[in-house]
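Read through the structure below, which is laid out as structure tokens, and then see the notes.
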Amino acid sequence: MSQNKDNDQYAVLLYYKYAEVPNLDDLATFYRSNCSSLRLLGRVRLSSRGVNVTVGANLSSLHSHIDAVKAYNAFFHDTDFKLATCHHPLNDKVAKECGFTSLSIRIVDELVTLASHPLLKSPDISNAGKHLSALDFHSSLHTANKESPENGLVLLDARNLYETRIGKFHVPNVETLDPQVRQYSDLSSWIDDNGERLRGKNILMYCTGGIRCEMASAYIRSKGAGFENVFQLFGGIQRYLEQFPDGGFFKGKNFVFDHRISVGSSDANVIGTCLICQCSFDDYSSRCRCTYCRMLVLVCSSCQNESTPYVCELCQKQGKAVRLTQLIENGESKTSLPGVELQEFSSDITFLPQVPKGDDLRISRKLRILCLHGFRQNASSFKGRTSSLAKKLKKMTEFVFIDAPHELPFIYQTPISGLNVNCASTLPPNPPPPSENCKKKFAWFVAPNFDESTSGVDWKVADGPFDPLQYQQQTDGYDISLSHLKNVFSQEGPFDGILGFSQGAAMAALVSAQEAKLKGEMDFKFVVLCSGFALRMKEMECGPIKCPSLHIFGNEHGKDRQIANQASKELASLYDSDCSVIVEHDCGHIIPTRSPYIDEIKDFLGRFL
């Protein structure tokens with residue numbers, strides 16, 4: 001009777017396994033049949049490189065599932081199945097957000113996504129760091145704790161910032177590196193930027209259950225000499241707390257990606273603090289999120305208010321808290337920066353639960369894309385020109401349109417009568433339309449002799465016919481445009497990507513070439529360059545540009561009379577071919593929205609969701 005009662009107790013099962021899967025379709029069929037028959041709820045992720053599973057049910061069902069998995073294929077025999085009894089999901093919101101109201105089985109490219117550049121190849125998992133058992137991991141920390149702080153050992157936390165805020169390892173004489181990333185896919189960039197802090201060290205890595213360390217440790221070791229000594233906590237924090245119920249060197253709670261939310265040791269000390277009042281607090285069950293980036297934030301029950309927007313500490317560091325306060329006090333919408341237009345306002349975005357990849361908890365949302373118009377255009381006109389594109393992408397993108405900082409004068413040409421050019425100069429020009437009826441025009445780059453003081457004052461007669469290649473001579477004003485974009489990112493960000501058209505694409509290309517130097521001021525994941533061209537400026541002379549890029553331009557017969565096909569090809573050639581996609585079309589000086597072009601655009605953008 002007692003045994004049956006135990007088997008009826010609810011539990012959660014977590015496991016992952018990296019291995020070559022001979023037949024992915026057969027594996028998916030097995031999981032669908034087995035999990036459905038046992039009534040398991042949760043997430044199953046399958047790829048050609050292995051599996052990653054988090055499911056809940058009664059103990060007897062989970063034991064049956066483990067037996068069936070082991071019997072399915074020999075490569076599962078040494079899998080670390082983590083099984084923990086717990087209560088049924090009590091909070092419907094948490095259960096739904098964590099994926100415990102249904103069974104979700106998906107075939108994915110990667111079990112966990114390490115790089116924010118989805119077009120770049122993942123490191124070889126066979127090169128991952130050496131596994132340390134919980135006892136060996138603890139012993140290494142215990143020995144280092146008795147030595148001087150210069151012992152050559154560092155602890156690297158491979159988790160997201162919100163996880164580390166409620167629990168982490170603390171060893172007095174050991175340096176602990178907390179990358180403070182919003183999501184796991186940002187970790188590779190942090191590793192790139194902090195290589196000197198890791199070079200030559202014995203690196204002990206840890207995460208929740210171990211899977212994130214597999215990929216991250218392989219990435220570190222792929223850097224070669226000086227990065228060989230990488231070790232990882234086998235089974236993650238979960239196995240460590242099982243071995244050391246009092247917490248050992250781990251303080252606080254272990255954040256988990258199921259309805260339990262967190263698991264603590266017998267030590268009841270709380271290390272988290274409320275975002276608002278700074279009192280001790282470590283409960284994420286309310287699922288409060290940053291109004292900008294949607295990262296989980298700790299807000300105690302006393303400070304929770306549905307009408308109050310929360311701003312996480314990372315967004316606060318970027319100056320967004322001040323901006324938000326100003327908008328609230330002034331009764332403005334979020335988009336009050338001059339010249340900024342939203343295709344769809346942020347308040348209209350629906351944030352729905354998305355099943356995490358691996359241990360990475362993310363919320364399904366639209367990609368925020370900053371749109372840079374072409375020469376002698378403005379935010380409003382570019383919004384109109386891209387309305388069809390916005391409609392086709394409405395389920396996955398939110399476009400933000402801004403004016404460039406250089407205002408241009410109103411210019412018109414006098415008509416030339418017949419072939420007598422000399423006679424034309426004596427003809428009175430046609431009167432221009434009233435200035436108040438015309439929308440201002442802007443540019444990202446201007447000619448060397450451009451006089452800002454004459455902009456927008458009155459109509460000017462053009463000196464001669466418009467030069468179709470005028471964009472090649474306009475290279476001044478970059479510093480002003482860059483400063484303008486930094487201000488937009490600070491006040492209206494974050495943005496996932498930048499879309500530029502014609503001269504706007506040239507500006508976006510310059511920014512992407514300087515991506516590493518602009519970190520912290522302008523963070524983005526990709527650029528979309530439409531009818532683009534490269535300006536001959538020193539900022540573009542940086543070798544292959546690593547920023548993921550989508551190049552959309554007319555082919556040789558594409559009838560783009562403004563930007564030559566060869567100019568756009570030359571721009572595309574400046575990008576690393578491993579992280580760039582080219583779409584050539586026959587539609588002229590526009591962004592095409594019919595198949596197959598729109599399908600290729602969606603495919604590129606979909607990799608960043």
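If you're wondering where the values come from, they're calculated on a predicted model, not measured in any experiment. Positions are given from 1 along the sequence.
- Note on residues 189-218: pairs passing ring pair (Phe, Tyr, Trp, His ring centres under 6.0 Å), not counting sequence neighbours, are Phe169-Tyr206.
- Residues forming a side chain to side chain contact (heavy atoms under 4.5 Å, CB included) with Ser36 (at least two apart in sequence, or on another chain): Leu103.
- For Phe234, the ring pair (Phe, Tyr, Trp, His ring centres under 6.0 Å) partners are His131, not counting sequence neighbours.
- A donor-acceptor distance shorter than 3.5 angstrom exists from the side chain of Asn58 to the backbone of Ser61, with no hydrogens or angles considered.
- Using bins of under 30°, 30° to 60° and over 60° for the plane-to-plane angle, the ring pair Tyr18/Tyr16 lands in the perpendicular bin.
- Every residue meeting the ring pair (Phe, Tyr, Trp, His ring centres under 6.0 Å) condition with Phe495, not counting sequence neighbours, appears here in chain and number order: Phe489.
- Note on ring orientation: taking the six-membered ring where Trp is involved, the planes of Tyr72 and Phe30 are parallel (angle under 30°, cut-offs 30° and 60°).
- Rounded to the nearest 0.5 angstrom, Asn127 CG and Ile220 CD1 are separated by 11.0 Å.
- When the side-chain hydrogen bond (donor to acceptor under 3.5 Å, both in side chains) test is applied to Lys519, no partner is found at least two apart in sequence or on another chain.
- Note that the CG atom of Leu24 and the CD1 atom of Ile107 stand 4.0 Å from one another [nearest 0.5 Å].
- The two atoms that bring Thr397 and Lys366 nearest to each other are O-CD, 3.6 Å, heavy atoms only.
- With sequence neighbours excluded, the residues satisfying ring pair (Phe, Tyr, Trp, His ring centres under 6.0 Å) with Tyr284 are Phe255.
- Classification of Asp124 and Arg221 as a salt-bridged pair fails, no side-chain N sitting under 4.0 Å from a carboxylate O.
- Considering only residues two or more places apart in sequence or on other chains, Phe75 meets the ring pair (Phe, Tyr, Trp, His ring centres under 6.0 Å) condition with none of them.
- Between Lys17 and Asp78 there is a salt bridge, since a side-chain N of the basic residue sits under 4.0 Å from a carboxylate O of the acidic one.
- Distance check, rounded to the nearest 0.5 Å: CG of Asp258 to CG of Leu41 gives 12.5 Å.
- What you find for Ala84 and Arg260 is that their closest heavy atoms are CB-NH1, 3.4 Å.
- The salt bridge (Lys or Arg N to Asp or Glu O under 4.0 Å) contacts involving residues 275-284 comprise Lys253-Asp282, where partners must be two or more places apart or lie in separate chains.
- Remark: His65 pairs with Leu13, Tyr15, Tyr31, Asn34, Cys35, Leu38, Leu40, Val69 by the side chain to side chain contact (heavy atoms under 4.5 Å, CB included) rule, at least two apart or across chains.
- In this structure, the side chain of Thr208 does not engage the main chain of Val256 through any donor-acceptor pair within 3.5 Å.
- For Lys70, the salt bridge (Lys or Arg N to Asp or Glu O under 4.0 Å) test picks out no residue, with sequence neighbours left out.
- Sequence neighbours left out, the pairs with a member in residues 233-250 that pass salt bridge (Lys or Arg N to Asp or Glu O under 4.0 Å) are Asp80-Arg239, Arg239-Glu242.
- Between Arg212 and Glu163 there is a salt bridge, since at least one side-chain N of the basic residue sits less than 4.0 Å from a carboxylate O of the acidic one.
- Within 6.0 Å of CG on Asp109 lie no more than 12 heavy atoms contributed by other residues, nucleotides or ligands.
- Residues passing the salt bridge (Lys or Arg N to Asp or Glu O under 4.0 Å) test with Arg199 are Glu196, sequence neighbours excluded.
- Looking at Ser265 and Asp267, their side chains never bring a donor and an acceptor atom within 3.5 Å of each other.
- Distance check, rounded to the nearest 0.5 Å: CG of Asn229 to CG of Asn202 gives 5.0 Å.
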